[in-house]
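Below you'll find the structure, written out as structure tokens, and then a few comments.
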Amino acid sequence: MQKSNKFAIAGWVLSGLLAAFLIIASGMGKFTQWEGKAEMFAKMGWTEEVMFTIGIVEVAIAVLFLIPQTAFVAAILLTGYLGGAVATHVRVDDPFFFPILIGVLVWVALGLRQPVIFRLAIGQSSANTSVVDES
């Protein structure tokens, strides 16, 4: 197996784990009822209805991240979404490093799937590379 294939497989595994976390662990908590949910969301300054909508956005973007043709745009959207999470946690004086870590992992996963992402990040470009080429 070629080195690039191993990187692509690692990128897909990491992408799957990230999407599973965003959809199951994080997203589902916004859709289900549990003790202390209203108080926690109120502390952050959000109502349960708003968090339900945010959950829909989170799940939709996570699904888009798994589709090769939309992964790049989804990574940008996830970065913005996670930036909002960081801002919310900073505002209420909660730890805020976890959304930053997830954002970094999103771009690492995409870079492993699409090596052109890493080349663009370090300032190298090639006239014959495509951002959506995942072969």
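Index from 1, following the sequence. Model, not experiment: these values are computed from the prediction.
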Looking at every heavy atom in both [X] and [Y], which two are closest together, and how far apart are they?
{"X": "Ala19", "Y": "Ala62", "result": "CB-O, 4.1 Å"}
{"X": "Arg113", "Y": "Ala8", "result": "CG-O, 4.3 Å"}
{"X": "Lys30", "Y": "Ile54", "result": "CE-CG2, 4.1 Å"}
{"X": "Gly27", "Y": "Val59", "result": "CA-CG2, 4.3 Å"}
{"X": "Pro99", "Y": "Val86", "result": "CB-CG2, 3.7 Å"}

Does any non-hydrogen side-chain atom of [Y] lie less than 4.5 Å from one of [X]?
{"X": "Ile117", "Y": "Phe72", "answer": "yes"}
{"X": "Phe65", "Y": "Ile61", "answer": "no"}
{"X": "Phe118", "Y": "Leu112", "answer": "yes"}
{"X": "Leu78", "Y": "Leu18", "answer": "no"}

Shared hydrophobic cluster, [X] / [Y] (ILVMFWY, side-chain heavy atoms < 4.5 Å):
{"X": "Tyr81", "Y": "Leu101", "value": "yes"}
{"X": "Phe7", "Y": "Leu110", "value": "yes"}
{"X": "Leu66", "Y": "Leu77", "value": "no"}

**Request:** Under the side-chain contact (heavy atoms from CB on, under 4.5 Å) rule, what do Met44 and His89 come out as? Steps first, then yes or no, please.
**Result:** CA-CA 7 Å; Met44 291 185 203; His89 288 288; 4.0 Å; yes
Can you tell me how far the [atom1] atom of [X] sits from the [atom2] atom of [Y], to the nearest 0.5 Å?
{"X": "Trp107", "Y": "Ile102", "atom1": "CH2", "atom2": "CD1", "value": "15.0 Å"}
{"X": "Lys37", "Y": "Phe31", "atom1": "NZ", "atom2": "CZ", "value": "9.0 Å"}
{"X": "Glu35", "Y": "Met40", "atom1": "CD", "atom2": "CE", "value": "13.0 Å"}
{"X": "Phe97", "Y": "Ile100", "atom1": "CZ", "atom2": "CD1", "value": "9.5 Å"}

**Item:** Worked check of side-chain contact (heavy atoms from CB on, under 4.5 Å) between Val50 and Phe41
**Value:** CA-CA 9 Å; Val50 169; Phe41 290 164; over 6 Å; no
**Prompt:** Would one find more than 12 heavy atoms of other residues, nucleotides or ligands at under 6.0 Å from atom CH2 of Trp46?
**Reply:** no
**Prompt:** Taking it one step at a time, do Val73 and Leu64 satisfy side-chain contact (heavy atoms from CB on, under 4.5 Å)?
**Reply:** CA-CA 8 Å; Val73 171; Leu64 289 174; over 6 Å; no
